[in-house]
Amino acid sequence: QVQLVESGGRSVQAGGSLRLSCTASEYTSVMAWFRQAPGKEREGVAAVYGRSRTTFYADSVKGRFTISRDNAENTVYLQMNSLKPEDTAMYYCAADLRGSSDWRYSPGYKSWGQGTQVTVSS
């Protein structure tokens with residue numbers, strides 16, 4: 001199983017920026033970020049596919065967040081700009097999507113990071 005290590009979460013004021021990082025123990029085609037706020041379901045934030053680096057985003061973060069990857073380092077990044085209080089959540093890195101073509105299908109991911117907390121204050 002691919003091991004994932006995340007970093008970068010912290011508290012920030014609304015309008016600020018953060019960059020999350022997630023390093024995998026080996027290469028996987030699909031890497032994604034999910035988030036879960038207290039009392040809410042886990043939701044897909046963004047994903048990046050393999051060598052093509054094709055990206056996908058949730059509507060709520062389009063234009064504000066950018067996902068990228070460094071295949072040489074097996075690392076995926078999530079650059080978050082113009083942060084809003086509603087972005088407050090635990091952010092999880094996910095990798096190794098199997099049995100589904102939908103990047104938002106969280107049960108399809110075989111590997112998950114431990115989570116990194118992002119808190120945005122108004």
Side-chain angles (χ1 to χ4, degrees):
Q1 185 175 2
V2 178
Q3 304 299 312
L4 303 173
V5 178
E6 303 140 330
S7 63
R10 62 178 176 87
S11 296
V12 65
Q13 288 192 330
S17 298
L18 282 177
R19 189 176 82 154
L20 306 183
S21 300
C22 171
T23 298
S25 57
E26 60 187 84
Y27 174 83
T28 64
S29 178
V30 183
M31 297 189 77
W33 288 96
F34 285 74
R35 66 185 181 186
Q36 188 166 21
K40 295 187 177 181
E41 294 186 355
R42 187 171 296 189
E43 63 170 349
V45 175
V48 58
Y49 277 59
R51 310 294 181 186
S52 69
R53 294 183 171 83
T54 302
T55 57
F56 300 88
Y57 296 94
D59 288 344
S60 59
V61 305
K62 282 181 181 177
R64 299 188 299 123
F65 290 11
T66 302
I67 189 170
S68 61
R69 67 187 293 166
D70 181 340
N71 287 332
E73 299 294 331
N74 294 329
T75 298
V76 63
Y77 303 98
L78 185 67
Q79 178 66 43
M80 306 186 292
N81 299 328
S82 302
L83 282 161
K84 304 175 181 180
E86 51 263 45
D87 294 317
T88 295
M90 185 70 79
Y91 282 70
Y92 297 91
C93 179
D96 198 10
L97 178 64
R98 300 186 187 183
S100 175
S101 59
D102 185 354
W103 68 272
R104 297 163 295 184
Y105 183 63
S106 59
Y109 290 88
K110 301 308 176 187
S111 296
W112 290 86
Q114 78 284 359
T116 186
Q117 178 68 39
V118 172
T119 302
V120 184
S121 58
S122 57

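What you see below is based on every heavy atom in this structure, not just the backbone, and it leaves out hydrogens, waters and symmetry mates.
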Would you say the side chain of V76 lies within less than 4.5 Å of the side chain of C93, judging by non-hydrogen atoms? yes

NZ/NE/NH1/NH2 to OD/OE distance under 4.0 Å, D59 and K62: yes

Atom CD of E41 with >12 non-hydrogen neighbours under 6.0 angstrom: no

Distance check, rounded to the nearest 0.5 Å: R69 atom CZ versus R53 atom CZ? 7.5 Å

Would you say D70's side chain and E73's backbone share a donor-acceptor pair under 3.5 angstrom? yes

Pairwise side-chain contact, D96 with V30, heavy-atom cut-off 4.5 Å (strictly under): no

Using residues 103-113 as the side-chain source, report each donor-acceptor pair under 3.5 Å to any protein atom, sequence neighbours left out, with the distance given to one decimal.
unit_1	atom_1	unit_2	atom_2	d
R104	NE	D102	OD1	3.0
Y109	OH	W103	O	2.7
S111	OG	V2	N	3.3
S111	OG	V2	O	2.9
W112	NE1	Y109	O	3.3

Return the set of residues passing ring-ring contact (aromatic ring centres under 6.0 Å, His included) with Y49 (not counting sequence neighbours), or none when no residue passes. F56

Are L78 and L97 connected into the same hydrophobic cluster when the rule is that any two of I, L, V, M, F, W, Y join if their side-chain heavy atoms are below 4.5 Å apart? no

Side-chain contact, heavy-atom cut-off 4.5 Å: R35 with E43? yes

Nearest heavy atoms of M80 and L20, plus distance in Å: CE-CG, 3.7 Å

Flag yes if F34 and M31 sit in one hydrophobic cluster, no otherwise; membership is Ile, Leu, Val, Met, Phe, Trp, Tyr, and two members link when side-chain heavy atoms are under 4.5 Å apart. no

Determine all donor-acceptor pairs shorter than 3.5 Å in which one atom belongs to a side chain in residues 115-122; sequence neighbours excluded.
unit_1	atom_1	unit_2	atom_2	d
T116	OG1	G9	N	3.0
Q117	NE2	A89	O	3.4
Q117	NE2	T119	OG1	3.4

Just by modelled atom types, is the L4 backbone N or O under 3.5 Å from a matching donor or acceptor in the E6 side chain? no

Measure across S82 and S17 and return the closest heavy-atom pair with its distance rounded to 0.1 Å. N-OG, 4.4 Å

Contacts of type side-chain contact (heavy atoms from CB on, under 4.5 Å), residue T66, not counting sequence neighbours: Y57, Q79

Which residue pairs pass the side chain to side chain donor-acceptor pair (under 3.5 Å) test with at least one member in residues 20-30, sequence neighbours excluded? T23-T75

Scan residues 61-97 for pairs that pass ring-ring contact (aromatic ring centres under 6.0 Å, His included), counting only residues two or more places apart or in two chains. none

